Amino acid sequence: LPKNASPPYQTVVFFPAGDAWVLRSSRDLSLVRVSFIIASGRAFLYPVYKGTYERTMSGEMGGTNGERDLQIAWSRDLGRAIDYLETRADVDRTRLAFYGLSAGAGVGVFLTALEPRLKTSVLQGAGIWDVSGPETDPLNYAPRVRMPTLMLNALYDFELPVETAQRPLFDLLGTPAEHKRHRVFESGHAIPVADVAAEILPWLDRYLGP
């Protein structure tokens with residue numbers, strides 16, 4: 001919770017990067033790359049999704065059906081996290097945002113297509129990627145994303161090139177053109193936090209309110 005604001009708080013719901021699948025305890029999670037959101041006066045919700053931290057799966061979700069079932073589990077985790085927020089008197093349930101970072105940005109494509117209670121989304125490091133079946137393909141979810149969406153990417157992200165991965169996803173988003181933005185930084189995949197904050201905070205001000 002922020003220390004420089006009064007409730008009810010706007011809240012940003014997070015989906016982390018790949019380190020969440022490596023670390024074995026959520027006590028080891030880091031807020032270094034997202035602390036600017038809390039400093040802006042907003043609450044920050046960091047769910048422990050299936051497969052991350054102490055909820056490791058030990059490989060039981062392999063194959064096409066496993067990928068599908070894992071995505072369903074993540075969608076349920078997000079929904080239950082928002083259910084929890086709605087029980088809190090200190091949270092403004094009408095002003096909720098999603099922030100997906102790296103792997104979490106890819107997941108965010110289908111999560112934001114499915115969760116109507118979110119008002120806006122930030123996807124940092126998303127793009128089109130290879131999948132094993134249509135039920136997990138971002139091409140089938142992106143047109144169903146209708147909320148205001150900010151995409152942040154890197155020019156030198158060699159796994160997700162601008163022309164073949166980033167822009168195709170951005171173009172496919174069902175969000176009206178005036179409510180989506182694609183910002184490409186001259187950096188590698190890990191964009192400097194100060195640059196990210198300079199884009200995200202005005203975006204949240206615009207769609208959740210200052």
Side-chain angles (χ1 to χ4, degrees), residues 2 10-23 29-46 49 52 78 96-113 118-131 137-139 141-143 145-210:
Q10 301 176 26
T11 303
V12 176
V13 186
F14 189 56
F15 200 110
D19 59 320
W21 280 266
V22 178
L23 299 173
L29 65 81
S30 172
L31 297 177
V32 170
R33 297 190 65 83
V34 297
S35 60
F36 66 90
I37 293 175
I38 305 168
S40 75
R42 297 175 171 95
F44 190 81
L45 181 65
Y46 195 139
Y49 298 89
T52 67
L78 175 64
L96 306 177
F98 177 87
Y99 179 23
L101 175 61
S102 189
V107 173
V109 175
F110 68 84
L111 290 181
T112 56
L118 297 166
K119 301 304 178 185
T120 188
S121 172
V122 178
L123 305 176
Q124 181 182 336
I128 299 296
W129 66 94
D130 292 331
V131 294
D137 194 333
L139 297 177
Y141 290 90
V145 175
R146 306 291 167 78
M147 70 183 64
T149 300
L150 172 65
M151 274 185 59
L152 304 177
N153 287 102
L155 182 62
Y156 306 116
D157 188 334
F158 299 111
E159 291 188 359
L160 297 171
V162 175
E163 296 300 332
T164 58
Q166 300 174 23
R167 285 181 181 157
L169 176 62
F170 180 76
D171 291 341
L172 280 170
L173 292 173
T175 304
E178 64 270 22
H179 295 299
K180 62 181 180 178
R181 171 172 165 77
H182 185 206
R183 176 73 162 84
V184 180
F185 296 89
E186 289 198 30
S187 73
H189 183 72
I191 305 167
V193 174
D195 293 339
V196 168
E199 287 287 336
I200 291 179
L201 295 181
W203 186 266
L204 297 177
D205 286 346
R206 178 179 176 184
Y207 288 104
L208 297 184

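What you see is a predicted model; the values in this text were computed from it and never measured.
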> Which atom names give the shortest non-hydrogen contact between Gly18 and Ala103, and what distance separates them?
Replying inline: N-CB, 4.1 Å
> Which pairs, with at least one residue in residues 146-156 and sequence neighbours excluded, count as a side-chain hydrogen bond (donor to acceptor under 3.5 Å, both in side chains)?
Replying inline: Asn153-His182
>> For Leu150 versus Ile200, what's the shortest heavy-atom pair and its separation?
In response: CD2-CA, 4.1 Å
> To the nearest 0.5 Å, how far apart are CD1 in Ile191 and CD in Gln124?
Replying inline: 4.5 Å
>> Pair Leu31, Ile38 - check side-chain contact (heavy atoms from CB on, under 4.5 Å), show working.
In response: CA-CA 10 Å; Leu31 297 177; Ile38 305 168; 4.3 Å; yes
>> Using every non-hydrogen atom in the two residues, find where Asp171 and Lys180 come nearest and quote the distance to one decimal.
In response: O-NZ, 3.6 Å
>> What's the separation between atom CD1 in Ile128 and atom CZ in Phe170, rounded to the nearest 0.5 Å?
In response: 13.0 Å
>> With a 3.5 Å distance limit and no angle check, can you tell me whether Ser102 reaches the backbone of Gly104 through a side-chain donor-acceptor pair?
In response: no
> Considering all heavy atoms of both residues, which atom of Ser187 and which atom of Ala190 are nearest to each other, and what is their separation?
Replying inline: OG-O, 4.4 Å
> Can you tell me if Gln166 uses its side chain to pair, donor with acceptor, with the backbone of Ala154 under 3.5 Å?
Replying inline: yes
> Side chains of Leu152 and Val122: closer than 4.5 Å at any heavy-atom pair?
Replying inline: yes
> Mind checking whether Leu78 and Tyr49 have side chains closer than 4.5 Å, heavy atoms only?
Replying inline: yes
> So, do Val196 and Phe36 sit near enough that their side-chain heavy atoms are less than 4.5 Å apart?
Replying inline: yes
> Quick one: are Tyr46 and Val13 in side-chain contact, heavy atoms under 4.5 Å?
Replying inline: no
Which donor-acceptor pairs under 3.5 Å do side chains of residues 203-210 form with protein atoms, sequence neighbours excluded?
| residue | atom | partner | partner atom | Å |
| --- | --- | --- | --- | --- |
| Trp203 | NE1 | Thr120 | OG1 | 2.8 |
| Asp205 | OD1 | Arg42 | NH2 | 2.7 |
| Arg206 | NH2 | Glu178 | O | 3.2 |
| Tyr207 | OH | His179 | ND1 | 2.8 |

>> Using 0.5 Å steps for rounding, measure from the CG atom of Leu123 to the OG1 atom of Thr112.
In response: 5.5 Å
> Got a second to check how far Leu29's CG is from Phe14's CZ, nearest 0.5 Å?
Replying inline: 9.0 Å
>> With side-chain contact (heavy atoms from CB on, under 4.5 Å) as the criterion, how do Phe185 and Glu199 come out once you've worked through the C-alpha distance, each side chain's angles and the decisive distance to 0.1 Å?
In response: CA-CA 11 Å; Phe185 296 89; Glu199 287 287 336; 3.7 Å; yes
>> Can you tell me how far apart NZ (Lys119) and OG1 (Thr11) are? Round to the nearest 0.5 Å.
In response: 13.0 Å
> Are the aromatic ring centres of Tyr99 and Phe15 under 6.0 angstrom apart?
Replying inline: no
> Which heavy atom of Pro143 sits nearest a heavy atom of Pro138, and at what distance?
Replying inline: CD-O, 4.5 Å
> Shortest non-hydrogen contact from Phe98 to Gly108?
Replying inline: CE2-CA, 3.5 Å
> What's the spacing between His189 NE2 and Phe158 CZ if we round to 0.5 Å?
Replying inline: 13.0 Å
> Which pairs with one or both residues in residues 186-197 pass salt bridge (charged side-chain N to carboxylate O under 4.0 Å, His left out), sequence neighbours excluded?
Replying inline: none
